[in-house]
Amino acid sequence: MIPGSFSYHRPASVADAVKLLSDLGEDARPLAGGHSLVPMMKLRLATPAHLVDLHGIAALKGIRRDGSNLVIGAMTTQHELLASGDVATTMPILHEAALLIADPQVRYRGTIGGNVANGDPGNDMPALMMTLGASYRLEGPGGTRDVAAADFYQGAYFTALEPGEILTSVSVPVPAAGHGYAYEKLKRKVGDYATAAAAVVLTMSGGKVATCSIGLTNVHETPLLAVDAAKAAIGTSLDAATLKKAAAAAEAIMAPAADARGPVEYRKHVGGIMVARALQRAAAVAK
Amino acid sequence: MNDMTPTREQRSAALEGMGCKRKRVEDIRFTQGKGNYVDDVKLPGMLHGDFVRSPHPHARVKKIDDSEALKVPGVLAVITAETLKTVNLAWMPTLAGDVQMVLADGKVLFQNQEVAFVVATDRYAADDGINKVIVEYEPLPPLVDPFKSMDPDAPVLREDLAGKTSGAHGPRKHHNHIFEWTVGDKELTDAAFNKADVKIKEMIAYHRTHPSPLETCQCVCSFDKIKGELTIYGTFQAPHVIRTVVALIAKLPEQKIHVIAPDIGGGFGNKVGAYPGYICAAVASIVTGKPVKWVEDRIENLTATSFARDYHMTTEIAATKDGKVTGLRVHVLADHGAFDACADPSKWPAGFFNIVTGSYDFPTAHLAVDGVYTNKAPGGVAYRCSFRVTEAAYCIERAMDILAQKLNMDPAELRLKNFIKPEQFPYHSALGWEYDSGDYHTAMRKMMETTGYAALRKEQAEKREAFKRGETREIMGLGISFFTEIVGAGPSKNCDILGIAMFDSCEIRMHPTGAGIARMGTKSQGQGHETTWAQIIATEIGIPADNIMVEEGNTDTAPYGLGTYGSRSTPVAGAAIAMAARKIKAKAQMIAAYKLEVHEDDLEFDIDGFRVKGLPEKFMSMKDICWAAYNSVPPGMEPGLEAVSYYDPPNMTYPFGAYLCVMDIDVDTGVYKVRRFYALDDCGTRINPMIIEGQVHGGLTEAFAIAMGQEIRYDETGNVVTGSFMDFFMPTAVETPHWETDFTVTPSPHHPIGAKGVGESPNVGGVPAFSNAVNDAFSFLGSTHIQMPHDFWRNWKAAKDLGAVV
Ligand SMILES: Cc1cc2nc3c(=O)[nH]c(=O)nc-3n(C[C@H](O)[C@H](O)[C@H](O)COP(=O)(O)OP(=O)(O)OC[C@H]3O[C@@H](n4cnc5c(N)ncnc54)[C@H](O)[C@@H]3O)c2cc1C
């Protein structure tokens, strides 16, 4: 558990960081909070020759309102998300999910940018960002582009990021007032990644689900949007049969790996339960 | 006397002696980050060593190429078995009478086995070097399942034992067999089973787990070529044993070996034995002439040094139809991994597993243990338990519940019916032990009353009905454990390690001003010896505990002792401390008699000094006696006030306890909640109630971890899949239940202060309580036994297998 040697760089601007990353090529990696990257380096599963630390770039910090979106700088820590009044009032599900990430020590360092850019299906933020319809701003040698969270994840640790690109911010549309939400995460202990987790954001109208979006964490090599499960919920009052149907629809797209959290069958089964519970809880808090 | 004269109560309280909730003196440095651990030892010119380890569970080592590694800047040497052979150290003896490879000699026998030792100027360079050592392996079929180890066509693991039909513990039946150990009367037991109205039989497995102390195993070895002396700083629970082992295997004169165990960050049995890291660091220091540090990382700790348990216990009980037990039969298949490196007293290949009759009056019993080799890490250490006692307690406590279920009887009632009665002590068990003291019925009834046991059973019955009606998805379990431990190894008549009797020792030196230093052969790893040992002395000789400094761990200054594990410190060293203190007191009495000008027999000890009987104002304090001991002793008496005691205990001590766990399980996810956990411990005389409570909290937390998920697991190809704290369940404060503690006091009749030892009781007694709670929860759905660990997915699986989840 001792990392190999590497050179350390600390650029002061996004442009410098992009330049460094393009010049240094494949052997360079951006460093954010280090709470996913450094453990990999200690196991020598990652052996970057250069680390480009993004902590010196002021422009990557902070949370601001931009029209109907909340724009969160990539280097905003999970702790800062939790401390933000804007987050708590406009998208409480982000607060709820951030609180379920690891422990305070990890959250003081770990960033939203690192969490969504990492590409690990175990990270909680990616499925949530897909559920909320967020998009990521990427800046690279070829310029700036926005990619929807739903289009970003291609496989375990494979994302739409091109060589030399940095994720600079996450833009999240503020959900409708009175929306219902829940992030249900089953984990073995504090500090564990999800055995399965489900994010639900919905609106209710006349006792029935009007709109609904469901995201799934750690039940596939990428985070998932459970579109059919959401469809099954819309227009219903979430009776027992609907919950069962939605859970089954979600399970149908899950393909988790067997690991110490349990065999495939279990992880899918509890994935379905997380969906049903999140739907119920979201409906209960919707106004 | 004036108003300022302290009362007897005040004088007694000022001592902070036995029974006082004295704050732990060592915590002042521990809580401020000022402890001094092995990794804090930094010697001039110190080098760092680290291991190349095998990715294969079983393979032939064809070639080791270190040429690229030696080119890495900072790498100075790569040590292999070939290097070690030049000093005859490629293999080392184990405490269990086997031999173990220090570095792979032709073969590797478990994943992460030590293959080569890279020595470099810093830890980073050493690891860079490791990545450049090229080892050519020829994989061999791995043997993972202990039940297949003695198949006729099972792969041969230990080629070094070819042709050896007997080992350290008698005949071997198969090339992968280590020993068979039998105890008890087979014929009588068979007869009891033939006559029995009711019988149960179950294979109860206690899975492989690991002590995983916060601080991993580590050492710094420094060889002084000029003096020919070897100094070893290490995380040693038994420093003197390490010194003797080093003297025997390295053929160094024992006085030239200095073993120093500084502060230790938890041991739990992990730090009793000797590991390849120690040998390699010592050899590397001899070769390079520089101090060499070796520090295990977490993965290495979990996968290479000292697993615990891995006992597969086929258990049968015979009983009458009204629930009186008449016989016990147990066969254990013990998976020892690649080498038998158990840390048991030498004559006890399965430790004290023959305590398996537990708290019950079994007229007859028979036990057989077969130890086998598999392609797994060696060990079998006593993880916070006296040798194999936790396995035994789990076995009998689970089996009693199974019997209760079969008899349709309440498990508490079954236990009360079969307990050894108070008047039967000292009690001779069917498997050969003499239990010193106990009052099981009182402890059990106190547990039942305090917890409202009857009401809990009623609630459970109602919940079960509600579950059957589909109104809840939660099931409720009550787990009872009534354990009897056997600790304090041990009497020289039956306990030794490599021929050294398992006594322990204490040396006390009083200084002129009424203070003193006490040294013992034990070694605290967090138990609080610096606090409690001083309390024993305070009460025995009337000097405040704050004035007694306790020092352990340096073999040059401490008297020879066998160390701290198996809850032996209080039963053995605690007795030595009292005996040494009594020698001090006896000399003090002579000095006081001389100074007070009376005959010794006219004096009585009174809290903190001697008083002339019938003349209360004629008093000499111990403080003043200390001064007198250095300047005005009676004619003919040597000055000074010191004493040494080496204590060979006449018997073990037998702590016991009554635990209850109340658990709720959500069958859909398998998620459990420990609603309540009550632990009543009887450890005899209580030296420091606060430390006892702390020990119980810690041990229960480990028991919770083990029962509910903590395991070292291998897949079928021999890969160890639980090599980090991500998957090896280490509960945090968030997961840990709330503990309710309670006690009764039944002193040990043979121990000088009546104390029995408590550090391990909660681990031993806790595991069956948790497992019985889970099993009790599921029993109404038709199950008799569900194997540990009871983590979420396995609970769900149990529910599914029983038809409670579709
Ligand atoms: C014990 C423990 C438990 C954890 N549990 C959870 C959990 O339950 N849920 C969860 O979601 N996470 C968990 N984490 C991970 C944690 O949230 C990490 O902080 C997060 O995954 C990565 O964020 P980081 O800022 O630390 O990124 P880093 O580790 O620095 O980087 C991660 C990866 O993203 C890349 N990267 C980082 N920032 C950018 C950027 N702006 N642009 C492009 N690439 C970038 C890096 O190059 C690297 O490849 C846990 C971590 C630990 C140590």
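So that the names make sense, note that chain A is the first sequence line, chain B the second, and so on, each numbered from 1. Not measured: the values here are computed from a predicted model. Any value given below was found using the heavy atoms of this structure, including those in side chains, with hydrogens, waters and symmetry copies removed.
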Of the backbone (N, CA, C, O) and the side chain (C-beta and beyond), which part of [X] lies under 4.5 Å from a heavy atom of chain A, both, or neither?
X        : value
B/Met708 : neither
B/Phe729 : side chain
B/Val806 : backbone

Rounded to the nearest 0.5 Å, what separation is found between the CZ atom of B/Phe51 and the CD1 atom of B/Ile130?
9.0 Å
Minimal non-hydrogen separation, [X] against [Y], with atom names:
X        : Y        : answer
B/Ala126 : B/Ala120 : N-CB, 3.4 Å
B/Pro213 : B/Gly265 : CB-O, 3.7 Å
A/Pro39  : A/Gly34  : CD-O, 3.3 Å
B/Cys219 : B/Ala281 : SG-CB, 3.7 Å
B/Val75  : B/Gly129 : CG2-CA, 3.9 Å
A/Thr111 : A/Ala32  : OG1-CB, 3.4 Å

Would you mind checking chain A against chain B for donor-acceptor pairs under 3.5 Å and listing them?
unit_1	atom_1	unit_2	atom_2	d
A/Met1	N	B/Asp297	OD2	2.9
A/Arg44	NH1	B/Asp128	OD1	2.9
A/Arg44	NH2	B/Asp128	OD1	2.9
A/Arg188	NH1	B/Asp727	OD1	3.2
A/Arg188	NH2	B/Met726	O	2.9
A/Arg188	NH2	B/Asp727	OD1	3.0
A/Lys189	NZ	B/Met730	O	2.4
A/Val190	N	B/Glu735	OE2	2.7
A/Glu265	OE2	B/Lys800	NZ	3.2
A/Tyr266	OH	B/Thr669	O	2.6
A/His269	NE2	B/Asp668	O	3.0
A/His269	NE2	B/Trp796	NE1	3.3
A/Arg277	NH2	B/Asp666	OD2	2.8

Atom group of A/Ile273 that falls short of 4.5 Å from chain B, counting heavy atoms:
side chain
Turns out that what part of A/Val190 lies under 4.5 Å from chain B's heavy atoms comes down to both
Sequence-distant partners of A/Ala283, side chain to side chain contact (heavy atoms under 4.5 Å, CB included), two or more places apart:
A/Met204, A/Leu238
Partner of A/Met130 under side-chain contact (heavy atoms from CB on, under 4.5 Å), picked from A/Leu225, A/Leu216, A/Thr217, A/Val116, is A/Leu225
Quick check for you: among B/Val734, B/Ile299, B/Val671, B/Val721, which has the greatest number of heavy-atom pairs under 4.5 Å with chain A?
B/Ile299
